[in-house]
There are 2 protein chains.
Amino acid sequence: MTNSKKYHHGDLTKSLLDSASSLIKEHGVESLSMRKLADVVGVSRTAPYHHFKDKNALLCALAEKGFYEQEELLCQLLKQTLPTADLFKQYVHLYLEYAQQHSETYDLMYGRVIWKAGTPTDSLVAASRQTFKTWIDWVEKLQQENILPADNSALRIGQTTWASLHGLARFYLDGIYLDKEDLSGMVDQMIKNLCRSPH
Amino acid sequence: MTNSKKYHHGDLTKSLLDSASSLIKEHGVESLSMRKLADVVGVSRTAPYHHFKDKNALLCALAEKGFYEQEELLCQLLKQTLPTADLFKQYVHLYLEYAQQHSETYDLMYGRVIWKAGTPTDSLVAASRQTFKTWIDWVEKLQQENILPADNSALRIGQTTWASLHGLARFYLDGIYLDKEDLSGMVDQMIKNLCRSPH
DNA sequence: TCGCAATGTTGACACCGTCAAGATAAGTTT
DNA sequence: AAACTTATCTTGACGGTGTCAACATTGCGA
């Protein structure tokens with residue numbers, strides 16, 4: 001009964017994000033409500049509104065955390081000393097693994113809820129831009145090493161390549177046209193598609 | 001004042017679908033409520049429930065209509081007498097054009113709301129399967145004519161190819177990492193990616 | 001120590017999906 | 001034509017949602 005019931009919570013912002021994160025992981029983002037979240041954290045309905053402007057802002061914060069996580073993961077990979085081709089292969093596998101293991105976060109990061117139905121926070125936009133830039137930079141290197149096609153700008157190739165991965169992730173996550181056991185084979189085929197050399 | 005206010009509506013099912021369709025087209029699917037829909041159609045809150053089990057069922061019906069529309073559109077294209085390679089190119093353009101012009105329906109057809117958060121109706125599943133099968137059959141032909149890569153089954157190539165298109169559509173529709181004026185260039189690049197011949 | 005800003009609370013409002021019970025109309029059987 | 005059944009539509013109600021306004025408590029800097 002050390003900290004059973006003080007008026008001020010301590011670090012509510014962090015608690016909210018943590019609980020929200022595990023709630024959406026378990027029950028999906030559409031069943032997350034501000035009221036339930038507040039209840040789980042042990043605080044009144046409207047307390048969260050002193051830490052996040054509204055629900056959209058909280059979701060944006062979750063997505064932003066996701067971008068940092070994902071970028072950290074991928075940067076970690078790039079530090080390994082492997083042939084670049086193998087590195088790219090692993091990158092693709094890792095990308096889909098992340099989407100799989102953090103599916104709800106992935107949905108927030110790249111999904112409609114924030115980007116179309118809602119309004120992305122400035123700092124979320126910044127984080128996503130940062131991630132995109134890192135990606136494009138790497139694409140440039142991959143083009144130079146003749147792993148990705150060089151018949152267009154790094155931007156274009158980066159866009160189409162990422163779009164392909166994203167489409168795969170979405171079909172898998174939404175469970176349409178893709179059985180779980182198919183995924184591994186699909187990823188391998190996708191890599192072949194993406195890397196197939198032009199001539 | 002011919003049909004101003006009779007107790008029975010006439011063809012409420014159709015009216016609901018039509019109004020719902022135009023409502024989501026204008027204001028997005030997340031702002032569609034059964035109550036507002038009923039109000040627009042000029043009927044009481046719960047009348048729609050005599051025609052659709054619940055909101056999910058109504059959305060499924062909209063998605064199903066979308067599948068028929070899309071398939072009709074594509075079948076129409078396939079009847080043209082063009083070199084197969086050009087036909088495929090047009091197919092891709094048409095696919096993205098459909099996604100663009102019926103973005104809300106496209107979201108329902110392939111999105112999370114029905115397939116993950118909700119429960120797809122049996123007849124919706126049937127319609128989507130049908131569409132998928134038609135696609136795979138055509139992929140087989142494209143492989144034989146050496147337009148799509150033949151280094152894997154029609155199923156796999158069909159899955160990855162579609163996933164790529166789908167990813168492009170989603171990035172575009174959700175407005176992340178893709179400016180509108182980039183789309184055309186991206187589609188062309190994507191076609192090159194998909195068609196690039198293996199050797 | 002005082003006062004203010006940060007953080008928490010309860011109350012209220014306008015929405016939402018949808019169930020239950022009753023009213024009305026159309027269709028079917030006698 | 002009358003009676004019964006079924007499809008359709010209505011109002012009332014319940015529990016859930018996001019979030020605004022007003023008020024209470026606390027911690028911190030002057």
Side-chain angles (χ1 to χ4, degrees), chain A residues 2-20 23-24 26-63 104 108 112-114 116-121, chain B residues 2-20 23-24 26-63 104 108 112-114 116-121:
Chain A
T2 57
N3 56 354
S4 58
K5 231 178 34 173
K6 21 182 178 177
Y7 192 86
H8 282 100
H9 177 280
D11 195 351
L12 186 51
T13 308
K14 185 175 170 354
S15 291
L16 287 171
L17 286 177
D18 288 350
S19 292
L23 278 178
I24 66 172
E26 198 148 353
H27 304 107
V29 69
E30 52 274 319
S31 87
L32 175 73
S33 81
M34 295 297 269
R35 295 169 101 112
K36 267 191 283 190
L37 174 58
D39 202 46
V40 165
V41 173
V43 94
S44 81
R45 284 165 289 160
T46 58
Y49 287 88
H50 290 272
H51 300 261
F52 299 96
K53 181 179 158 292
D54 50 23
K55 189 180 183 181
N56 177 74
L58 188 147
L59 296 182
C60 283
L62 286 177
E104 297 296 324
L108 281 178
R112 173 187 178 111
V113 173
I114 287 178
K116 189 158 189 188
T119 315
T121 305
Chain B
T2 56
N3 55 354
S4 59
K5 232 177 34 173
K6 21 182 177 175
Y7 192 85
H8 282 98
H9 177 281
D11 194 352
L12 186 51
T13 308
K14 183 174 171 358
S15 292
L16 287 171
L17 287 177
D18 288 349
S19 292
L23 279 178
I24 65 172
E26 199 148 353
H27 305 107
V29 70
E30 52 275 319
S31 87
L32 175 73
S33 81
M34 295 296 270
R35 295 169 101 112
K36 267 191 285 191
L37 175 59
D39 202 46
V40 165
V41 174
V43 95
S44 82
R45 287 165 282 153
T46 57
Y49 287 87
H50 291 271
H51 300 261
F52 298 97
K53 183 180 157 291
D54 50 23
K55 189 180 184 179
N56 177 74
L58 189 146
L59 295 181
C60 284
L62 286 177
E104 296 296 325
L108 281 178
R112 174 187 177 111
V113 172
I114 286 178
K116 188 159 189 187
T119 316
T121 305

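Within every chain, numbering begins at 1; the chains are lettered A, B, ... in the order of the sequence lines, protein sequences first and strands thereafter.
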Give me the bend of the helix from C:dT1-D:dA30 to C:dT30-D:dA1, using the axes of the five pairs at each end, rounded to 10°.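 Comparing the axis at each end, I get an angle of 10°.
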
Quickly work out the [X] [atom1] to [N] [atom2] distance and round it to whole Å.
{"X": "B:D54", "N": "C:dC19", "atom1": "CG", "atom2": "P", "result": "8 Å"}
{"X": "B:E30", "N": "C:dC16", "atom1": "CD", "atom2": "P", "result": "14 Å"}
{"X": "A:D11", "N": "C:dG8", "atom1": "CG", "atom2": "C1'", "result": "15 Å"}
{"X": "A:L37", "N": "C:dG8", "atom1": "CG", "atom2": "P", "result": "13 Å"}
{"X": "B:D39", "N": "C:dG17", "atom1": "CG", "atom2": "P", "result": "12 Å"}

Nearest to side-chain heavy atoms of [X], which nucleotide of [options]:
{"X": "A:Y49", "options": "D:dT11, D:dG18, C:dT10", "value": "D:dG18"}
{"X": "A:R45", "options": "C:dT18, C:dG8, C:dT10", "value": "C:dT10"}
{"X": "A:H50", "options": "D:dC9, C:dG8, D:dA21", "value": "C:dG8"}
{"X": "A:L12", "options": "C:dG8, D:dA21, D:dT10", "value": "C:dG8"}

Side-chain contact, heavy-atom cut-off 4.5 Å: A:R35 with A:D39?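 Not in contact.
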
Are A:R112 and B:V29 side-chain neighbours, meaning at least one heavy-atom pair lies under 4.5 Å?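 The answer is yes; the side chains approach within 4.5 Å.
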
Which atoms form the tightest heavy-atom contact between [X] and [Y], and what is the distance?
{"X": "B:D54", "Y": "B:M34", "value": "C-CE, 4.3 Å"}
{"X": "B:C60", "Y": "B:T121", "value": "CB-OG1, 3.1 Å"}
{"X": "B:S44", "Y": "B:P48", "value": "O-CD, 3.5 Å"}
{"X": "B:T119", "Y": "B:N56", "value": "O-ND2, 2.7 Å"}

Can a donor-acceptor pair be found, under 3.5 Å and without considering hydrogens, that links the side chain of A:T46 to the backbone of A:Y49?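 No; judged by distance alone, with no hydrogens or angles, the pair does not exist.
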
Please list, pair by pair, any protein nitrogen or oxygen found under 3.5 Å from a nitrogen or oxygen in nucleotides 15-17 of chain D.
from, atom 1, to, atom 2, distance (Å)
D:dT17, OP1, A:S33, OG, 2.9

Just list the side-chain donor-acceptor pairs under 3.5 Å for residues 12-20 of chain A, sequence neighbours left out, or say none.
from, atom 1, to, atom 2, distance (Å)
A:T13, OG1, A:H51, ND1, 2.8
A:K14, NZ, A:D18, OD2, 2.7
A:S15, OG, A:D11, O, 3.3
A:S19, OG, A:S15, O, 3.2

How long is the span from the CD1 atom in A:I24 to the CG atom in A:L108, to the nearest 0.5 Å?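 Output value for this atom pair is 5.0 Å.
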
